[in-house]
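Keep in mind the model is a prediction, meaning the values are calculated, not measured.
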Amino acid sequence: MSFTSRIAMVATAAALLASSAAAETRLRIAGTVPAEHFGNAVLEQMAKDIEDAGVDLDVKYFPAGQLGSGEELLESAIRGEVQMVHATVYAQKDARLEINSLPFMVTTKEELDAVYGDPNSEYNKILGEILTSFGIQPLGTIGEGLIGMIATARPADPTKIASQGMNVRAWSSQIAKQTMEELGYNVTTLNWAEVFPAVQAGTIDGAICCTPEWAYTTFAASGVGNTYVPYNAFIESTMIYANKQFYDGLTDEQRAVVEKESAEAAAEIS
């Protein structure tokens, strides 16, 4: 074989490799749960299973808020800066999303599964309509559990509606803020990423935020906060969602894989 023929073969092989690499669609998945949270391992496996499905998706998972808080990631996903997200959906974008903060919407595991776990529930239909209206494709709703309040000391009397003598955090929700104020607290609104350092520094006395599992892995295991009040008024609700333009641009085969793995991950975290 001549030198010229060999060069031509090498060039052809390089072109084929470049063409194959270019055919892969880049998929970046952002998460917010702490590295110690069991859901993090589920999401890592979800990302691996999507990439290993052989549908030309180049997947990378960014855990533990590396790409931003839940509030920031919703905006990033709308702009298409990140393709998929697992996070809490807050109401800063649209007041209709306060549906996620309605107190005592469910009170049992059975109700939780029926409302959040059923993609055809009225709750999920309404939530889906809101999200798709500004370019977000829901892929799985997760009702992880009922949440309580982590605090650095016991409130004055958490069994009564009375002044508790504490300043606590609520997320970006007027409904959550007003509910905690009715229970007797002074309330500061903070993004999730700011909560741990604020409690640790004593800037706030506590936070309505967490399931018992979250409270332990995020706070107690680090020696921050010594009290947990199980108010169980709100749900630790998160979603797996995608930028709708990105989602619509996938092939049928790619969408099927993303939908399947997202639904399975959501069910496992719930």
Side-chain angles (χ1 to χ4, degrees), residues 31-34 36-43 45-46 49 70 74 84-91 94 96-132 136-151 158-161 170-180 182-183 192 207-220 227-242 258-270:
T32 55
V33 294
E36 302 82 5
H37 189 279
F38 77 94
N40 192 55
V42 176
L43 295 165
Q45 188 63 47
M46 177 189 78
D49 289 343
L74 181 60
M84 276 180 65
V85 173
H86 169 255
T88 298
V89 174
Y90 296 101
D94 190 315
R96 294 176 296 170
L97 291 172
E98 288 280 18
I99 188 176
N100 288 328
S101 298
L102 292 173
F104 302 107
M105 185 161 70
V106 302
T107 57
T108 67
K109 180 66 165 64
E110 292 72 24
E111 291 174 348
L112 187 68
D113 291 341
V115 173
Y116 289 82
D118 180 0
N120 296 313
S121 70
E122 287 303 312
Y123 165 78
N124 276 318
K125 288 178 182 177
I126 293 169
L127 188 58
E129 289 173 4
I130 297 168
L131 291 171
T132 54
I136 292 296
Q137 175 66 44
L139 293 169
T141 306
I142 301 163
E144 188 176 325
L146 299 166
I147 70 171
M149 186 182 78
I150 185 75
T159 66
K160 295 180 180 178
I161 297 178
W171 57 93
S172 11
S173 162
Q174 283 301 308
I175 290 177
K177 182 175 185 292
Q178 290 167 11
T179 299
M180 295 308 292
E182 286 296 321
L183 291 172
W192 170 247
I208 181 77
C209 65
C210 312
T211 62
E213 196 272 345
W214 269 70
Y216 178 78
T217 58
T218 304
F219 293 92
T227 301
Y228 182 77
V229 183
Y231 278 118
N232 295 342
F234 304 103
I235 303 301
E236 185 63 57
S237 170
T238 56
M239 286 194 75
I240 299 172
Y241 59 84
V258 169
E259 289 172 4
K260 173 180 176 293
E261 299 302 337
S262 297
E264 289 181 359
E268 189 170 351
I269 297 173
S270 295

Straight-line distance of [X] [atom1] to [Y] [atom2], nearest 0.5 Å:
X	Y	atom1	atom2	value
Asn232	Thr211	CG	OG1	10.5 Å
Phe219	Cys209	CZ	SG	4.5 Å
Arg96	Leu127	CZ	CG	10.5 Å
Glu213	Ile147	CD	CD1	13.5 Å
Phe234	Thr179	CZ	OG1	4.0 Å

Min side-chain heavy-atom separation [X]-[Y] under 4.5 Å:
X	Y	result
Ser262	Met84	yes
Ile235	Leu146	yes
Val115	Thr141	no

Please list, chain by chain and in numerical order, all residues satisfying side-chain hydrogen bond (donor to acceptor under 3.5 Å, both in side chains) with [X], sequence neighbours excluded.
X	result
Trp214	His37, Glu144
Gln45	Asp49
Glu98	Ser173
Asp118	none

Considering residues at least two apart in sequence or located in another chain, which fulfil the side chain to side chain contact (heavy atoms under 4.5 Å, CB included) criterion with [X]?
X	result
Lys109	Leu112, Asp113
Pro119	none
Ala265	Val42, Met46, Ile240
Thr108	Glu110, Glu111

- Item | Test side-chain contact (heavy atoms from CB on, under 4.5 Å) applied to Met239 and Ile136, step by step | CA-CA 11 Å; Met239 286 194 75; Ile136 292 296; over 6 Å; no
If you compare all heavy atoms of [X] against all heavy atoms of [Y], which two are closest, and at what distance to 0.1 Å?
X	Y	value
Val33	Leu43	CG2-CD1, 4.3 Å
Ile269	His86	CD1-NE2, 4.3 Å
Ser270	Gly143	OG-N, 3.8 Å
Ser101	Ile175	O-CG2, 3.2 Å
Cys210	Tyr228	O-OH, 2.7 Å
Ser237	Thr88	O-OG1, 3.4 Å

- Message: Can a donor-acceptor pair be found, under 3.5 Å and without considering hydrogens, that links the side chain of Asp94 to the backbone of Ile130?
- Response: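 Not confirmed, Asp94 side chain does not pair with Ile130 backbone.
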- With no hydrogens and no angle check, is any side-chain donor or acceptor of Thr132 less than 3.5 Å from a backbone partner on Glu129?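 Side chain of Thr132 to backbone of Glu129, a donor-acceptor pair under 3.5 Å: yes, one is there.
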- Query: Going through the distances and angles, do Trp171 and Ile208 end up as a side-chain contact (heavy atoms from CB on, under 4.5 Å)?
  - Reply: CA-CA 8 Å; Trp171 57 93; Ile208 181 77; 4.0 Å; yes
- Message: Using the rule given for side-chain contact (heavy atoms from CB on, under 4.5 Å), can you reason through Thr32 versus Val85, listing the C-alpha separation, both sets of side-chain angles and the distance that settles it, and then say yes or no?
- Response: CA-CA 9 Å; Thr32 55; Val85 173; 5.8 Å; no
- Message: Suppose we screen for ring pair (Phe, Tyr, Trp, His ring centres under 6.0 Å). Which residues come up paired with Tyr241, at least two apart in sequence or across chains?
- Response: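 With sequence neighbours excluded, Tyr241 shows a ring pair (Phe, Tyr, Trp, His ring centres under 6.0 Å) to no residue whatsoever.
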- Residues in ring pair (Phe, Tyr, Trp, His ring centres under 6.0 Å) contact with Tyr123, at least two apart in sequence or another chain: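 Applying ring pair (Phe, Tyr, Trp, His ring centres under 6.0 Å) to Tyr123 gives Tyr116.
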- Determine whether more than 12 heavy atoms belonging to other residues, nucleotides or ligands lie under 6.0 Å from atom OH of Tyr216. no
- Query: Should we say atom CD of Glu264 is surrounded by more than 12 heavy atoms from elsewhere, each under 6.0 Å from it?
  - Reply: yes
- Item | Listed partners of Glu122 passing salt bridge (charged side-chain N to carboxylate O under 4.0 Å, His left out), at least two apart | Lys125
